[in-house]
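For reference, the structure discussed in these notes is given below.
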Amino acid sequence: MTIVEPEWLARPSTEVAPALIGCALVRQLPDGQRIRGTIVETEAYGPGDPASHASRGRTLRNQAMFGPPGTIYVYLIYGMYHCFNIVTDRPGVASAVLIRALQLDIMPPGFQTKEKLARIAAGPGKLCRTLQIDRTLNDRPLQPGGPLWLEHQTPEFQQQLDQGTLSIVQTNRIGISVGTDLLWRWYLANSPAISKP
DNA sequence: ATCGTGATACAC
DNA sequence: TGTATCACGATT
(Lines give C-alpha, C1' and ligand atoms only; values in the text may rest on other atoms or scores of the structure.)
Protein backbone atom coordinates (compact mmCIF):
# COMPACT_ATOMS: atom_id res chain seq x y z
CA MET A 1 0.00 0.00 0.00
CA THR A 2 2.45 2.59 -1.20
CA ILE A 3 1.12 6.10 -1.61
CA VAL A 4 0.62 7.51 -5.10
CA GLU A 5 2.81 10.60 -5.37
CA PRO A 6 1.93 13.65 -7.49
CA GLU A 7 4.82 12.93 -9.92
CA TRP A 8 3.19 9.62 -10.83
CA LEU A 9 0.15 11.63 -11.94
CA ALA A 10 2.25 14.15 -13.90
CA ARG A 11 1.41 12.75 -17.36
CA PRO A 12 -1.53 12.89 -19.76
CA SER A 13 -4.88 11.80 -18.35
CA THR A 14 -5.18 9.18 -21.10
CA GLU A 15 -2.11 7.51 -19.63
CA VAL A 16 -3.09 7.91 -15.98
CA ALA A 17 -6.72 6.77 -16.37
CA PRO A 18 -5.94 3.12 -17.22
CA ALA A 19 -3.06 3.08 -14.69
CA LEU A 20 -5.46 4.04 -11.91
CA ILE A 21 -7.53 0.88 -12.39
CA GLY A 22 -6.67 -1.33 -9.41
CA CYS A 23 -5.37 1.52 -7.29
CA ALA A 24 -7.05 2.10 -3.93
CA LEU A 25 -8.90 5.30 -3.11
CA VAL A 26 -9.06 6.07 0.59
CA ARG A 27 -11.53 8.52 2.07
CA GLN A 28 -10.99 9.67 5.63
CA LEU A 29 -14.05 11.33 7.14
CA PRO A 30 -13.81 14.25 9.59
CA ASP A 31 -14.49 11.80 12.46
CA GLY A 32 -11.53 9.66 11.39
CA GLN A 33 -13.56 6.83 9.86
CA ARG A 34 -12.02 5.45 6.67
CA ILE A 35 -13.71 4.12 3.55
CA ARG A 36 -11.47 2.31 1.10
CA GLY A 37 -12.18 1.04 -2.38
CA THR A 38 -10.45 -0.25 -5.50
CA ILE A 39 -10.86 1.90 -8.59
CA VAL A 40 -12.56 -0.16 -11.31
CA GLU A 41 -13.76 2.45 -13.84
CA THR A 42 -12.20 5.71 -15.07
CA GLU A 43 -12.54 8.29 -17.85
CA ALA A 44 -9.93 10.73 -19.16
CA TYR A 45 -10.56 14.39 -20.01
CA GLY A 46 -7.83 16.53 -21.47
CA PRO A 47 -6.60 19.25 -23.83
CA GLY A 48 -8.28 19.37 -27.25
CA ASP A 49 -11.16 17.37 -25.84
CA PRO A 50 -14.59 18.79 -26.75
CA ALA A 51 -16.18 17.02 -23.75
CA SER A 52 -13.81 18.56 -21.21
CA HIS A 53 -15.15 21.24 -18.89
CA ALA A 54 -12.06 23.21 -19.89
CA SER A 55 -12.70 22.95 -23.64
CA ARG A 56 -13.68 26.62 -23.73
CA GLY A 57 -10.95 27.87 -21.45
CA ARG A 58 -10.49 28.52 -17.80
CA THR A 59 -13.48 29.41 -15.62
CA LEU A 60 -14.17 29.58 -11.90
CA ARG A 61 -15.66 26.06 -11.93
CA ASN A 62 -12.89 24.30 -13.85
CA GLN A 63 -9.85 26.09 -12.44
CA ALA A 64 -8.84 23.04 -10.36
CA MET A 65 -8.28 21.15 -13.63
CA PHE A 66 -5.42 23.55 -14.39
CA GLY A 67 -3.76 22.88 -11.04
CA PRO A 68 -0.82 20.60 -10.25
CA PRO A 69 -1.14 16.80 -10.56
CA GLY A 70 -2.83 15.29 -7.51
CA THR A 71 -5.33 18.12 -7.18
CA ILE A 72 -8.94 17.13 -6.47
CA TYR A 73 -11.58 18.41 -8.91
CA VAL A 74 -15.17 18.04 -7.68
CA TYR A 75 -18.19 19.59 -9.37
CA LEU A 76 -21.97 19.44 -8.95
CA ILE A 77 -23.97 17.89 -11.77
CA TYR A 78 -27.73 17.94 -12.40
CA GLY A 79 -28.30 19.82 -9.18
CA MET A 80 -27.90 16.77 -6.97
CA TYR A 81 -24.82 14.71 -7.69
CA HIS A 82 -21.13 15.33 -7.35
CA CYS A 83 -18.39 13.96 -9.58
CA PHE A 84 -14.85 13.33 -8.37
CA ASN A 85 -11.81 13.78 -10.58
CA ILE A 86 -8.08 13.49 -10.10
CA VAL A 87 -6.07 16.20 -11.86
CA THR A 88 -3.10 14.98 -13.90
CA ASP A 89 -0.34 16.38 -16.10
CA ARG A 90 1.59 19.58 -15.51
CA PRO A 91 0.16 22.76 -14.02
CA GLY A 92 -1.56 24.88 -16.66
CA VAL A 93 -2.64 21.83 -18.70
CA ALA A 94 -6.33 21.12 -18.01
CA SER A 95 -6.33 17.39 -17.56
CA ALA A 96 -8.25 15.09 -15.22
CA VAL A 97 -9.47 11.56 -14.65
CA LEU A 98 -13.10 11.04 -13.63
CA ILE A 99 -13.39 8.20 -11.12
CA ARG A 100 -16.58 6.42 -12.17
CA ALA A 101 -16.69 3.34 -9.95
CA LEU A 102 -15.10 1.70 -6.94
CA GLN A 103 -15.25 -1.77 -5.51
CA LEU A 104 -15.37 -1.13 -1.78
CA ASP A 105 -12.92 -3.07 0.38
CA ILE A 106 -14.31 -1.94 3.70
CA MET A 107 -17.96 -2.35 4.57
CA PRO A 108 -19.51 0.97 5.62
CA PRO A 109 -22.11 0.61 8.38
CA GLY A 110 -25.53 -0.38 7.08
CA PHE A 111 -24.35 -2.35 4.07
CA GLN A 112 -24.19 -6.05 4.80
CA THR A 113 -24.52 -7.87 1.52
CA LYS A 114 -21.90 -8.27 -1.16
CA GLU A 115 -24.41 -7.23 -3.82
CA LYS A 116 -25.17 -3.96 -2.09
CA LEU A 117 -21.47 -3.35 -1.58
CA ALA A 118 -20.85 -3.68 -5.31
CA ARG A 119 -23.62 -1.19 -6.15
CA ILE A 120 -23.19 1.70 -3.74
CA ALA A 121 -20.04 3.09 -5.38
CA ALA A 122 -21.03 2.18 -8.96
CA GLY A 123 -21.27 5.40 -10.95
CA PRO A 124 -19.61 8.77 -10.31
CA GLY A 125 -22.57 10.30 -8.47
CA LYS A 126 -23.19 7.35 -6.17
CA LEU A 127 -19.49 7.03 -5.48
CA CYS A 128 -19.38 10.59 -4.17
CA ARG A 129 -22.52 10.03 -2.13
CA THR A 130 -21.04 6.94 -0.48
CA LEU A 131 -17.65 8.53 0.19
CA GLN A 132 -19.23 11.84 1.25
CA ILE A 133 -17.33 13.81 -1.36
CA ASP A 134 -18.61 17.28 -2.18
CA ARG A 135 -17.30 20.61 -3.42
CA THR A 136 -15.66 21.46 -0.10
CA LEU A 137 -12.88 19.11 -1.30
CA ASN A 138 -12.55 20.84 -4.67
CA ASP A 139 -9.11 22.24 -5.53
CA ARG A 140 -7.46 20.55 -2.56
CA PRO A 141 -4.54 18.12 -2.85
CA LEU A 142 -4.69 14.34 -2.45
CA GLN A 143 -2.66 13.71 0.67
CA PRO A 144 -2.14 10.74 3.01
CA GLY A 145 -3.84 11.50 6.30
CA GLY A 146 -6.00 14.13 4.59
CA PRO A 147 -9.58 13.68 3.40
CA LEU A 148 -8.54 11.65 0.33
CA TRP A 149 -5.52 9.84 -1.02
CA LEU A 150 -4.46 7.10 -3.44
CA GLU A 151 -2.48 3.91 -2.96
CA HIS A 152 -0.83 1.87 -5.71
CA GLN A 153 -2.06 -1.45 -7.02
CA THR A 154 -1.12 -4.47 -4.93
CA PRO A 155 1.50 -6.88 -6.37
CA GLU A 156 -1.30 -9.49 -6.47
CA PHE A 157 -3.41 -7.25 -8.69
CA GLN A 158 -0.44 -6.55 -10.96
CA GLN A 159 0.24 -10.30 -11.12
CA GLN A 160 -3.32 -11.09 -12.06
CA LEU A 161 -3.15 -8.51 -14.85
CA ASP A 162 0.09 -10.07 -16.13
CA GLN A 163 -1.40 -13.57 -15.98
CA GLY A 164 -4.57 -12.48 -17.70
CA THR A 165 -6.76 -13.50 -14.77
CA LEU A 166 -7.86 -9.87 -14.71
CA SER A 167 -8.08 -7.58 -17.72
CA ILE A 168 -8.76 -3.93 -18.42
CA VAL A 169 -11.18 -2.95 -21.18
CA GLN A 170 -10.77 0.29 -23.16
CA THR A 171 -13.91 1.81 -24.69
CA ASN A 172 -15.79 5.05 -25.36
CA ARG A 173 -16.89 7.51 -22.67
CA ILE A 174 -20.54 7.73 -21.68
CA GLY A 175 -22.96 10.40 -20.53
CA ILE A 176 -21.53 13.02 -22.93
CA SER A 177 -22.82 14.45 -26.21
CA VAL A 178 -19.49 15.27 -27.90
CA GLY A 179 -16.19 13.46 -28.12
CA THR A 180 -17.99 10.12 -27.96
CA ASP A 181 -15.63 8.68 -30.59
CA LEU A 182 -12.63 8.89 -28.29
CA LEU A 183 -11.83 5.63 -26.47
CA TRP A 184 -11.04 7.33 -23.18
CA ARG A 185 -12.90 5.08 -20.75
CA TRP A 186 -11.37 2.10 -19.01
CA TYR A 187 -12.81 -0.52 -16.71
CA LEU A 188 -11.94 -3.76 -15.03
CA ALA A 189 -13.55 -6.61 -16.96
CA ASN A 190 -16.18 -8.62 -15.08
CA SER A 191 -16.44 -6.08 -12.29
CA PRO A 192 -20.00 -5.89 -10.94
CA ALA A 193 -19.74 -2.11 -10.46
CA ILE A 194 -19.50 -0.94 -14.08
CA SER A 195 -21.98 1.54 -15.61
CA LYS A 196 -23.97 0.23 -18.54
CA PRO A 197 -24.26 2.61 -21.53
C1' DA B 1 -38.22 7.27 -22.18
C1' DT B 2 -38.77 10.68 -18.61
C1' DC B 3 -37.88 13.54 -14.86
C1' DG B 4 -35.71 15.84 -10.62
C1' DT B 5 -32.46 19.40 -9.47
C1' DG B 6 -29.58 23.81 -9.29
C1' DA B 7 -25.14 25.72 -10.71
C1' DT B 8 -22.80 27.38 -14.69
C1' DA B 9 -21.62 29.71 -18.85
C1' DC B 10 -22.67 32.64 -22.11
C1' DA B 11 -25.84 35.22 -24.69
C1' DC B 12 -28.34 39.41 -24.34
C1' DT C 1 -30.70 40.13 -16.57
C1' DG C 2 -32.55 35.22 -18.78
C1' DT C 3 -31.97 30.30 -20.20
C1' DA C 4 -30.01 26.01 -22.41
C1' DT C 5 -27.18 22.78 -20.92
C1' DC C 6 -25.29 19.33 -18.02
C1' DA C 7 -18.78 13.92 -17.28
C1' DC C 8 -26.20 11.35 -13.23
C1' DG C 9 -29.45 8.14 -11.19
C1' DA C 10 -34.04 6.33 -10.16
C1' DT C 11 -38.14 5.10 -11.95
C1' DT C 12 -41.68 3.81 -15.67
Side-chain angles (χ1 to χ4, degrees), chain A residues 9 11-21 23 25 27 35 37 39-67 69-89 93-104 108 110-111 113 115-140 142 148 150 168-188 191-197:
Chain A
L9 300 166
R11 41 194 174 133
S13 56
T14 48
E15 207 177 301
V16 175
L20 280 173
I21 303 288
C23 288
L25 179 68
R27 167 73 166 123
I35 305 170
I39 296 173
V40 295
E41 185 183 7
T42 60
E43 277 178 4
Y45 292 85
D49 172 10
S52 169
H53 286 170
S55 63
R56 279 174 284 184
R58 189 178 191 136
T59 66
L60 189 59
R61 176 177 67 159
N62 67 26
Q63 65 169 337
M65 289 184 78
F66 293 83
T71 300
I72 295 166
Y73 173 43
V74 180
Y75 62 89
L76 183 69
I77 187 75
Y78 298 111
M80 45 181 120
Y81 299 105
H82 295 271
C83 287
F84 165 64
N85 297 251
I86 294 166
V87 175
T88 78
D89 219 317
V93 180
S95 193
V97 175
L98 172 67
I99 308 302
R100 293 194 56 93
L102 295 184
Q103 219 159 266
L104 295 185
F111 295 96
T113 71
E115 292 74 26
K116 274 188 180 174
L117 197 61
R119 295 288 150 205
I120 57 173
K126 289 162 69 180
L127 182 158
C128 284
R129 218 177 187 0
T130 298
L131 297 198
Q132 299 177 36
I133 293 171
D134 63 23
R135 281 174 299 171
T136 61
L137 298 181
N138 183 51
D139 214 0
R140 297 177 52 172
L142 291 171
L148 276 171
L150 285 170
I168 294 172
V169 179
Q170 177 177 196
T171 182
N172 59 294
R173 296 176 296 180
I174 59 180
I176 52 175
S177 53
V178 290
T180 50
D181 52 320
L182 299 169
L183 303 180
W184 284 7
R185 174 173 167 241
W186 290 266
Y187 64 87
L188 191 61
S191 171
I194 303 308
S195 330
K196 290 167 191 174

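For clarity, every value in this text was computed on a predicted model and none was experimentally measured. In what follows, chains are A, B, ... by sequence order, proteins preceding strands, each numbered from 1. No hydrogens, no waters, no symmetry mates; every other heavy atom, side chains included, goes into these values.
Contacts of A:Y75 classified as ring-ring contact (aromatic ring centres under 6.0 Å, His included), with partners at least two apart in sequence or in another chain: A:H53, A:Y73. By the side-chain contact (heavy atoms from CB on, under 4.5 Å) test, A:Y81 is found to be paired with A:I77, residues two or more places apart in sequence or in another chain being considered. In this structure, the side-chain contact (heavy atoms from CB on, under 4.5 Å) partners of A:L148, at least two apart in sequence or on a different chain, are A:L25, A:R27, A:I72, A:F84, A:I133, A:L137, A:L142. Contacts of A:T180 classified as side-chain contact (heavy atoms from CB on, under 4.5 Å), with partners at least two apart in sequence or in another chain: A:I176. Applying the side chain to side chain donor-acceptor pair (under 3.5 Å) test to A:R140 and every residue at least two apart in sequence or in another chain returns nothing.
Within the structure, salt bridge (Lys or Arg N to Asp or Glu O under 4.0 Å) contacts touching residues 50-67 of chain A (residues at least two apart or in different chains) do not occur. Applying the salt bridge (Lys or Arg N to Asp or Glu O under 4.0 Å) test to pairs two or more places apart or on separate chains, none has a residue in residues 120-138 of chain A. The salt bridge (Lys or Arg N to Asp or Glu O under 4.0 Å) analysis of residues 43-54 of chain A, with sequence neighbours excluded, yields the pairs A:E43-A:R100, A:D49-A:R173.
Rounding to the nearest 0.5 Å places CG of A:L188 at 7.0 Å from CD1 of A:I21.
Across all strands, A:R100 comes closer than 4.0 Å only to sugar-phosphate atoms, never to a base (heavy-atom distances). Among the atoms of the strands shown, base atoms are found under 4.0 Å from some heavy atom of A:L98.
The outermost nucleotides of DNA chain C lying under 4.0 Å from heavy atoms of chain A, listed 5' to 3', are C:dC6 to C:dA10.
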Name the atoms and distances for all side-chain donor-acceptor pairs under 3.5 Å in residues 11-18 of chain A, with sequence neighbours left out.
unit_1, atom_1, unit_2, atom_2, d
A:R11, NE, A:W8, O, 2.8
A:R11, NH1, A:E15, OE2, 3.3
A:R11, NH2, A:W8, O, 3.4
A:S13, OG, A:Y45, O, 3.0
A:S13, OG, A:S95, OG, 3.4

Once base and sugar-phosphate atoms are separated, protein heavy atoms under 4.0 Å mark nucleotides 4-12 of chain B, 5' to 3', with B, S and - as BBBSSSS--
For DNA chain B, the expected dot-bracket line (Watson-Crick or G-U under 3.5 Å, [ ] crossing, | inter-strand) is ||||.||||||.
